[in-house]
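Since the structure comes first, as structure tokens, the remarks are kept for the end.
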Amino acid sequence: MSDCIFCRIVKGEIPSDKLYEDDDLLAFRDIRPLAPVHLLIIPKRHIATLADCSEQDAPLLGKMLAVVPRLAREAGLAEGFRTIINTGRVGGQEVYHLHVHILGGPQPLPAMLKH
Ligand code: AMP
Ligand code: ZN
């Protein structure tokens, strides 16, 4: 996906503030942070949305979640954090390359959704 912004980050064509990388995943700071700490974890392979995943993606999805505690710890989020996956139009997804947001900071985050 040559026009996908996160694929371009994976390829190094667009710079990112990289925090973690392995064969399958990349984690970097969100360019427009919505909290004092705002990180993104993406698969290196292009997957547009969580809705495109199925049981066969369980190992990759598991890896994405399993690395969250380590990234949160290293970012100083000892007292908690929020993980978000926006999916599709209704989910408010802007970048169509699967990503997990990790958000946190010293203060509790606002309510997840307003009534
Ligand atoms: P979402 O609305 O879940 O699709 O979130 C997309 C996120 O990607 C937003 O929080 C953006 O600020 C972030 N983002 C977009 N472009 C970049 C970039 N070049 N580097 C880091 N984060 C980005
Ligand atoms: Zn992509």
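Being a predicted model, the structure only gives us computed values, none of them experimental. Hydrogens, waters and symmetry mates play no part in the numbers below; they use all other heavy atoms, side chains included. Start at 1 and go down the list; that is how both ligands and their atoms are numbered.
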Report the residue from I42, T49, L40 that forms a side-chain contact (heavy atoms from CB on, under 4.5 Å) with H97. I42
Which residue is it: H46, H99, K11? I am looking for the one with a side-chain contact (heavy atoms from CB on, under 4.5 Å) to F6. H99
Which other residues end up in the same hydrophobic cluster as L113, if Ile, Leu, Val, Met, Phe, Trp and Tyr are linked when side-chain heavy atoms come under 4.5 Å apart? M112
Any I85 heavy atom less than 4.0 Å from ligand 1: no
For atom 2 (O) of ligand 1, the option (of R32, E94, R8) bearing the nearest heavy atom: E94
Is Q93 reaching over with its side chain to a backbone N or O of A48, donor-acceptor style, under 3.5 angstrom? yes
Less than 4.0 Å is my threshold; does some heavy atom of Y96 fall inside it relative to ligand 1? no
What part of H99, side chain, backbone, both or neither, has a heavy atom within less than 4.0 angstrom of ligand 1? side chain
For ligand 1, does I9 get within less than 4.0 Å through its side chain, its backbone, both, or neither, judged by non-hydrogen atoms? side chain
If you consider just the N/O/S atoms, which atom of H46 is the closest one to the Zn ion (ligand 2)? ND1
Below the 3.5 angstrom mark, is there an N/O of V95, backbone or side chain, next to an N/O of ligand 1? yes
Give me each pair satisfying salt bridge (Lys or Arg N to Asp or Glu O under 4.0 Å) with a member in residues 49-70, each pair once, sequence neighbours excluded. D22-K63, D24-K63, R45-D57, R70-E74
Under 4.0 angstrom from ligand 1, any heavy atom of S16? no
